[in-house]
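Proteins come first, then strands; the chains are lettered A, B, ... in the order of their sequence lines, and each starts at number 1.
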Amino acid sequence: MAKELLKGNEAFAEAAVRAGVEGFFGYPITPASEFLEYMAKRMPALGRAFLQAESEIAAIHMVYGAACAGKRALTATSGPGLSLMSEALSYIAGTEVPAVVVNVMRGGPGLGNIAPSQSDYNQMVKGGGHGDYFPIVLAPATVQEAIDYITLAFDLADKYRSLVFIVVDGNLGQMMESAELPPMRELRKEPPEWAVYGAKDRDPNILTSIYIDPPDEEITNIRLLKRWMEIEKNEVRYKEYDLDDAEVAVVSFGVAGRVCSSAVKTAREEGIKVGLFRPITVAPFPFKQIEALSKRVKRILVVEMNTGQMLDDVKRAVGGRVPVEFYGRIGGVTPFPDEILDEIRRINESEDAIEDGMEKVQWLERLEERIARGE
Amino acid sequence: MVMEKVDLNLVYERPESLTETTTHYCPGCTHGTAHRLVAEVLDEMGIREKAIGVAPVGCSVFAYDYFNHDFVEAAHGRAPAMATGIKRVRPENTVYTYQGDGDLASIGMGEIVHAAIRGENITVIFINNAIYGMTGGQMAPTTLPGMKTTSSPLGRDVEIVGYPVRMAEMLATADGASYVVRQSLHDPAHVRKAKKAIRKAFEVQERGLGFSIVELLSACPTNWGLTPVEALHFVRDNMVPYFPLGDYKVIDEVAKLRV
Ligand SMILES: Cc1ncc(C[n+]2csc(CCOP(=O)(O)OP(=O)(O)O)c2C)c(N)n1
Ligand code: SF4
């Protein structure tokens with residue numbers, strides 16, 4: 001299939017359709033609404049289930065139901081919606097059924113704004129709902145990657161009976177970009193053997209997240225953890241740019257990573273030995289790869305569109321081996337490549353050690369100066 | 001002792017739709033009665049093999065241990081949304097929720113109302129025992145005025161916490177609802193009527209006629225602090241007057257059904 005000019009959210013929705021999604025349940029929220037609107041036309045035309053629910057709570061419980069019924073199911077939302085969904089996310093994880101949730105992140109907390117942001121990193125990566133569980137979180141940076149990873153998300157969800165998040169931000173959701181959609185997959189004919197579809201000629205299937213005896217819950221928690229360890233072993237994904245001889249490494253995910261890649265390119269032209277490491281699975285996080293990276297470079301810069309949520313994971317991987325600096329724009333502000341370039345230039349000259357926590361203090365000083373200059 | 005061998009006609013047996021599990025419900029609890037009625041209806045209609053139940057959070061959280069068909073266990077109050085998800089992707093299955101009053105009329109008010117508004121083709125079995133059973137007898141949205149519970153120790157004061165909600169009346173106002181009925185489980189005559197209502201509700205779904213709900217006035221002797229018999233009398237004398245029995249919504253197609 002050839003490349004075409006595609007609009008982010010619509011392309012992601014079509015990718016889900018082609019991956020065989022049979023139930024879409026959603027609630028309008030900017031900047032994810034195009035997803036819902038696209039599905040409103042597309043799903044019924046294919047004879048598949050589409051429903052605008054009365055709330056995100058209901059939407060995700062409908063996804064939960066459809067997933068229990070053994071069908072590929074999906075919703076797309078943004079931060080405030082995700083907060084409402086956390087109850088069901090925990091149930092989905094506890095029941096061990098596959099489901100995919102797209103979060104088109106926006107500025108927060110509270111109602112915040114509808115501008116692109118990465119402020120839900122912790123909410124996604126560290127769970128968000130109650131109990132011990134571990135979702136897979138994929139963070140694409142281009143429309144093409146998002147298309148590819150939506151397909152992958154369903155496969156991973158099925159393989160591990162896991163919850164899979166796709167995190168993008170409003171930039172990517174609204175962007176027009178040339179990309180290629182995969183061919184339409186055939187729908188699954190037979191339900192998975194664990195699903196509920198009627199107990200004909202077999203014992204009843206029961207899907208529940210309640211294990212009233214603590215030893216049973218403990219066994220369940222162990223099963224979930226072991227499955228997660230398997231995922232950590234097999235499914236870490238990331239991209240590297242210009243890191244072979246790099247002395248400075250930028251670590252950044254999603255659209256922030258994309259801004260960084262153009263800054264890195266310009267810096268390279270200036271002769272600075274800098275490269276970019278872009279995690280694609282922010283969960284499982286590429287701890288080992290970043291640990292290895294920290295043994296090759298002199299300094300690391302983490303760039304995010306939040307106050308440094310992934311920063312903690314990077315610092316854990318680096319383990320104090322080299323100084324880790326931070327730069328972020330927050331509240332729905334997307335950084336310009338020039339800002340990152342300034343940071344790369346500064347860091348390239350710097351030999352100073354950074355006391356733990358000072359990377360944020362120093363960043364805030366620089367950021368406030370920048371804001372004062374009207375940038 | 002030597003037993004005399006006699007020819008017996010089997011008049012009562014366990015429905016195929018129930019398992020042989022020993023009940024965890026308290027003596028005198030009408031959850032068991034309601035389970036049995038649903039199971040008998042599933043048997044009689046021959047739909048056990050395609051039935052998918054959605055259990056609530058409440059004393060009947062383990063309903064799936066008793067029913068011999070596929071089951072899922074929903075979050076507190078969300079059973080109608082979960083049932084919607086199942087039914088929309090598997091319209092060929094018979095999907096029903098089984099919910100208590102805390103589950104359906106308090107935390108899950110939004111989900112049940114919208115399922116009714118949409119005319120979701122599911123069946124809802126609603127157990128109204130005027131109390132939160134599982135958590136130890138707190139006030140429910142259906143707790144009667146003046147009724148003492150652990151969270152209304154002086155009796156429900158309607159000036160402070162408002163009045164009980166009448167769900168059947170309320171849901172009957174939804175254009176999407178096709179069959180809305182309230183029955184009671186306090187004596188054999190009413191149990192028979194309740195079964196008829198349950199049968200009709202499942203027939204509604206089987207014919208694709210839309211949303212059906214059967215509210216069943218029920219007893220919770222444990223948390224009411226009454227004996228099983230006293231509890232049934234309490235239903236008759238106190239609950240029935242506040243929650244009148246009968247059909248609240250029967251669309252024309254449903255009225256034509258003979259069960
Ligand atoms: C979100 C959430 N809040 C509270 C609870 C605690 N809880 C469990 S059962 C229940 C009330 C159940 O009462 P009801 O629906 O009337 O059913 P019954 O036990 O009387 O059959 C509550 C509040 C919970 N499990 N989840
Ligand atoms: S607490 Fe009440 S509702 Fe729960 S099983 Fe006992 S009698 Fe039934």
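- Side chain of B:S151 to main chain of B:Q138: no donor-acceptor pair is present (N/O by atom type, distance under 3.5 Å, no hydrogens or angles).
- Annotation for B:V214 and B:A201: closest pair CG2-CB, 3.6 Å, computed over non-hydrogen atoms.
- In terms of non-hydrogen atom pairs under 4.5 Å with chain A, the most contact-rich of B:E111, B:R90, B:K87 is B:R90.
- Looking only at atom types and distance, the side chain of B:Y248 has a donor-acceptor partner in the side chain of B:E169 under 3.5 Å away.
- Below 30°, between 30° and 60°, or above 60°: for B:H35 and B:Y98 the angle between ring planes is above 60°, a perpendicular geometry.
- A donor-acceptor contact under 3.5 angstrom links the side chains of A:T95 and A:Y64, judged on distance only.
- Aromatic rings from B:F211 and B:H114 are positioned such that their centres are separated by 6.0 Å or more.
- For B:V95, no part lies under 4.5 angstrom from a heavy atom of chain A.
- Nearest heavy-atom pair, B:L171 versus B:I112, reported as atom, atom and distance to 0.1 Å: CD1-CG1, 4.0 Å.
- Taking both residues in full, the closest heavy atoms of B:G133 and B:N223 are given as O-ND2, 3.1 Å, listed atom of the first, atom of the second, then distance.
- Taking the six-membered ring where the residue is Trp, B:F62 and B:Y64 present perpendicular rings, their angle passing 60° and hence far from 30°.
- Looking at A:I60, there are no atoms closer than 4.5 Å to chain B (heavy atoms on both sides), in backbone or side chain.
- Counting heavy-atom pairs closer than 4.5 Å to chain B, the top-ranked of the candidates A:D201, A:N205, A:T208 is A:N205.
- Across all their heavy atoms, B:N121 and B:G208 have their closest contact at ND2-CA, 3.4 Å.
- Heavy atoms closer than 4.5 Å to chain A are found nowhere in B:A79, neither backbone nor side chain.
- Below 4.5 Å, heavy atoms of chain B meet heavy atoms from A:A49, A:F50, A:L51, A:E54, all part of residues 35-54 of chain A.
- The six-membered or imidazole ring of B:Y66 lies away from that of B:H31, with a centre-to-centre distance of 6.0 Å or more.
- For chain A, the option among B:I47, B:T19, B:V72 with the highest count of heavy-atom pairs below 4.5 Å is B:V72.
- Contacts between residues 83-92 of chain A and chain B, defined by a heavy-atom separation under 4.5 Å, are made by A:E87, A:Y91.
- Heavy-atom pairs under 4.5 Å with chain A peak, among B:M82, B:E92, B:E73, at B:M82.
- Across all their heavy atoms, A:Y133 and A:L163 have their closest contact at CE1-CD2, 4.2 Å.
- Of all the heavy atoms in A:G65 and B:I86, the pair that sits closest is O-CG1, 3.2 Å.
- Looking at B:N68, both its backbone and its side chain come within 4.5 Å of chain A, counting heavy atoms on both sides.
- For B:R88, the parts lying under 4.5 angstrom from a heavy atom of chain A are both the backbone and the side chain.
- Side-chain contact between A:I219 and A:Y211: absent, with no pair of heavy atoms (C-beta onward) separated by less than 4.5 Å.
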